[in-house]
Amino acid sequence: MNTHIPKHLEHLRHTLSHLMAAAVLEIRPDALPTLGPAIENGFYYDFDFPTPITDTDLLEIEKLMKKLLPTWKEFTHREVTKEEALEQFKENPYKQELIEEIVSRGEKLTLYTCGKFTDLCRGGHVEHPNKDIDPNAFKLSHIAGAYWRGNEKNKMLSRVYGLAFESKKDLDEYIKQTEEAKKRDHKKLGKELDLFFIDEKVGKGLPMWTPKGTALKFELENFTRDLERKYGYEHVSTPYLGGEELYRTSGHLDHYSKNMYAPIDMDGDLFYLRPMACPHHIRMFQRKSWSYKDLPVRYAEIADYNRYEQSGELMGMIRVRKFQLTDAHVFVAPEGLKEEFKDVCRMIIEGLNGLGFSNIVSYRFSKRDPKNTEKYFQNDELWNTAESLMQEALDELELPYVTAEDEAAFYGPKLDVQAKNVNGKEDTLFTAQIDFLLPEKFNIEYTSTDGTKKRPVMIHRSTIGALERTFAFLIEHYAGEFPTWLSPVQVSVLPISDKHLSYAQEIYSTLKKHNIRTELDDSNETLGKKVRAWKISKTPYSIVLGDNEMKEKTLAVEHRSGIKESVSLSVFIEKISKEISNRTY
RNA sequence: GCCACCUUAGCUCAGUUGGUUAGAGCAGCUGUUUUGUAAACAGCAGGUCCCCAGUUCGAAUCUGGGAGGUGGCUCCA
């Protein structure tokens with residue numbers, strides 16, 4: 001994760017971790033320091049505080065860091081024995097655990113000292129902190145909880161985050177940039193542009209799409225289904241409830257139950273709100289027998305899912321408890337798997353291009369960690385086959401990807417399409433997965449050329465991800481200025497005065513008849529105010545209508561980019577219809 | 001779920017050391033105005049100060065508990 005940070009910046013940031021720990025220990029001698037690395041944009045240090053630390057403590061710590069910095073002239077270090085190290089940190093069980101671990105790995109133990117502060121550390125600092133660090137180029141930013149060693153079963157520590165750059169200018173620039181980014185925040189724009197809202201009485205993580213948001217959602221649905229039809233998918237509709245046995249068979253109750261809503265008991269039968277539709281599509285497939293000639297069979301559905309995400313994980317439209325995934329399941333013969341997976345990738349790329357996302361996403365090849373026996377089903381052969389096949393397909397397509405261990409689904413490896421939100425946090429937009437397991441569990445079959453029964457492989461894949469999350473990324477990517485085809489309102493008609501109202505109504509209803517999403521501003525306001533309202537709404541086009549237009553039978557059209565033209569209604573309709581049907585900006 | 005922070009009108013925000021009837025702008029409504037490219041003028045209406053307890057003569061303000069949100073951790077589409 002930190003590999004792309006330039007070395008000197010990483011050293012600077014790591015040095016500041018030490019300096020912060022030193023300052024914290026002067027103010028709070030009872031705090032136990034644990035670990036403090038450099039990260040993107042800054043650094044952090046995790047402490048175990050016997051009494052809680054709050055935001056107001058940050059200022060004091062930062063002030064002391066700046067006071068200590070001039071006394072930090074040079075780092076010295078020495079190698080120590082395990083006994084010495086354990087003695088040095090005899091009151092700190094966290095450091096003791098680290099010492100044991102370092103020793104068991106056969107590595108050397110080193111202590112680094114600067115000023116009056118000594119820490120267990122493998123090195124990587126600036127040589128002369130007092131000269132190499134600009135005291136105005138760092139700033140403590142916030143406090144957050146973090147589990148010791150990243151494991152939720154461990155104690156939660158307090159992580160103090162700081163920002164750090166080479167110069168004050170870089171720091172200021174970064175702060176300015178993050179402020180700019182926040183203006184694109186989908187939660188903020190969603191409210192301002194009236195696209196969706198989340199009501200606490202309906203429930204957290206359960207967003208509702210407003211009329212404007214829904215107009216955009218329907219476009220996404222059409223886009224998805226058109227693309228799927230083009231790639232040979234058939235659409236199905238299945239219920240968002242499923243019986244207990246279905247999820248028992250699929251393994252979801254064993255591997256996924258903590259993310260599933262509690263079952264509904266009706267007359268002794270248990271029903272689950274589905275977290276995914278694979279079992280439904282499998283049962284759909286199994287309604288009849290299939291020949292090798294029929295494969296691949298591709299069932300697509302924009303499916304409703306309910307997943308009980310932990311409350312702290314919820315976030316706007318990006319992380320919710322009820323969402324619609326543009327999902328599909330492909331049943332393919334093993335010999336056709338690689339080619340089919342490549343086709344899936346091609347479709348995904350086409351979808352990303354269509355949404356304008358091709359430059360903001362990255363690809364992640366997510367494999368299992370064979371050591372994590374709790375998360376993944378156990379069958380080395382199937383895993384190896386699936387992973388190597390997927391890798392071959394990705395390599396043959398020359399898709400630029402990074403490999404990630406321990407990120408697979410419980411039933412198979414994934415290709416993840418990753419994107420960063422306005423806070424710089426990376427999320428999975430959607431995935432494609434190869435699955436040998438569910439065909440096994442459900443005993444899915446087709447008849448092979450020689451008349452014997454064979455087992456197909458499944459591909460789980462999404463076309464453009466969850467509509468909610470994709471919507472959020474669209475809002476942030478376009479800052480609310482959606483391409484015309486996606487815009488909730490495509491044209492605002494602005495009559496200058498009441499005199500022009502009937503002409504405006506005529507234009508308005510003609511545009512509506514041509515399926516162009518149009519709004520008529522018939523308010524009793526000045527043109528300036530109507531134009532302002534139109535600009536704020538980020539609607540692509542406005543049409544101003546006054547005496548001139550009525551006389552000449554024309555429209556004064558303005559695009560939100562500022563381009564103005566005077567055209568006839570028929571010319572405008574032709575132009576915008578083309579823009580909409582081509583799904584262009 | 002855990003850690004930190006936030007919550008006042010539909011929205012954005014004021015609100016002094018606890019002290020009459022909690023304010024403003026925008027949006028809304030009514031009227032006047034009939035407007036040529038980013039805010040006409042006037043009036044009206046709009047509040048369980050997130051909720052519940054407690055302290056106090058008196059709580060938007062202090063204390064405790066809870067809810068929701070945001071940023072992290074864990075998790076993940």
Discussion item. Taking the minimum atom-to-atom distance to the side chain of Ile536(A), which one of A67(B), A27(B), A38(B) wins?
Written reply: A38(B)
Worksheet item: Roughly how many Å is it from CG in Leu206(A) to P in G68(B), rounded to a whole number?
Response: 11 Å
Fill in: From C75(B), U12(B), U37(B), nucleotide with atom closest to Lys564(A) side chain
U37(B)
Item to complete: Output the single nucleotide from G71(B), C11(B), A38(B) whose closest atom is nearest the side chain of Met315(A).
Response: G71(B)
Item to complete: Side chain of Ile496(A) only, please: which of A77(B), U37(B), G36(B) is the nearest?
Response: G36(B)
Practice prompt. Measure from the side chain of Asn423(A), starting at C-beta and using heavy atoms only, and say which of G72(B), U34(B), A67(B) lies closest.
Written response: G72(B)
Practice prompt. Could you check Leu314(A) against Ser523(A) and say which one's nearest nucleotide on RNA chain B is further toward the 5' end?
Written response: Ser523(A)
Discussion item. Heavy atoms from C-beta onward define the side chain here; which of C11(B), A77(B), U34(B) lies closest to that of Ser497(A)?
Written reply: U34(B)
Fill in: N/O donor-acceptor pair, side chain Glu549(A) with base G36(B), under 3.5 angstrom
yes
Practice prompt. In whole angstrom, give the distance that lies between atom CG of Asp547(A) and atom C1' of G36(B).
Written response: 9 Å
Worksheet item: Rounded to the nearest Å, what distance is computed from the CG atom of residue Asn548(A) to the P atom of nucleotide U37(B)?
Response: 12 Å
Worksheet, complete the sentence: Against the side chain of Val531(A), the closest entry in U74(B), U35(B), U37(B) is U37(B)
Worksheet item: For Lys204(A) and U70(B), is the shortest distance between a side-chain N/O and OP1 or OP2 below 4.0 Å?
Response: no
Fill in: Options G71(B), A40(B), G1(B), nucleotide nearest the side-chain atoms of Tyr147(A)
G1(B)
Worksheet item: Would you say a side-chain N or O of Lys153(A) is under 4.0 Å from OP1 or OP2 of C73(B)?
Response: no
Practice prompt. Quick one: stems involving RNA chain B, counted as three or more successive Watson-Crick or G-U pairs, both distances short of 3.5 Å.
Written response: B:1-7 with B:67-73, B:10-13 with B:23-26, B:28-32 with B:40-44, B:50-54 with B:62-66
Item to complete: Return the value, rounded to whole Å, for the distance between atom OH of Tyr305(A) and atom C1' of C76(B).
Response: 15 Å
Worksheet item: In terms of side-chain heavy atoms of Ala146(A), which of C73(B), G71(B), A77(B) is nearest?
Response: C73(B)
Worksheet item: Within this structure, what is the CD-to-C1' distance between Glu558(A) and A38(B), rounded to whole angstrom?
Response: 10 Å
Discussion item. Given the structure, check if the side chain of Arg159(A) and the base of C3(B) hold any donor-acceptor pair shorter than 3.5 Å.
Written reply: no
Worksheet item: OP1 or OP2 of G1(B) less than 4.0 angstrom from a side-chain nitrogen or oxygen of Ser311(A), does that happen here?
Response: yes
Worksheet item: Between His142(A) and Asp416(A), who's closer to the 5' end of RNA chain B by nearest nucleotide?
Response: His142(A)
Worksheet item: Under 4.0 Å: is that the gap between some side-chain N or O of Lys414(A) and OP1 or OP2 of C76(B)?
Response: no
Fill in: Minimum-distance nucleotide to Glu200(A) side chain [options: A67(B), C76(B), G36(B)]
A67(B)
Discussion item. Could you walk me through whether Thr554(A) and Glu549(A) satisfy the side-chain hydrogen bond (donor to acceptor under 3.5 Å, both in side chains) test, starting with their C-alpha distance in whole Å, then the side-chain angles of each, then the deciding distance to 0.1 Å, before giving a yes or no?
Written reply: CA-CA 5 Å; Thr554(A) 57; Glu549(A) 287 70 29; 4.9 Å; no
Discussion item. Tell me the interatomic distance from Asp498(A), atom CG, to U34(B), atom P, rounded to whole angstroms.
Written reply: 10 Å
Response to the item:
When rounded to whole Å, the OH to C1' distance for the pair Tyr240(A) and A77(B) reads 20 Å
Fill in: Within 6.0 Å of OH in Tyr231(A), more than 12 heavy atoms from elsewhere
yes
Practice prompt. Output yes when at least one side-chain N/O atom of Ser462(A) is less than 4.0 Å from OP1 or OP2 of A77(B), else no.
Written response: no
Discussion item. So, does Lys499(A) get its side chain near the phosphate of U35(B), meaning an N or O under 4.0 Å from OP1 or OP2?
Written reply: yes
Item to complete: Using the P atoms only, state how far U17(B) lies from C76(B), rounded to an integer number of Å.
Response: 49 Å
Discussion item. Tell me whether Arg13(A) forms a cation-pi arrangement with Phe165(A), defined as NZ or CZ under 6.0 Å from the six-membered ring centre and within 45 degrees of its axis.
Written reply: yes
Worksheet item: Has the side chain of Glu525(A) got a donor or acceptor atom sitting under 3.5 Å from an opposite partner on the base of U35(B)?
Response: no
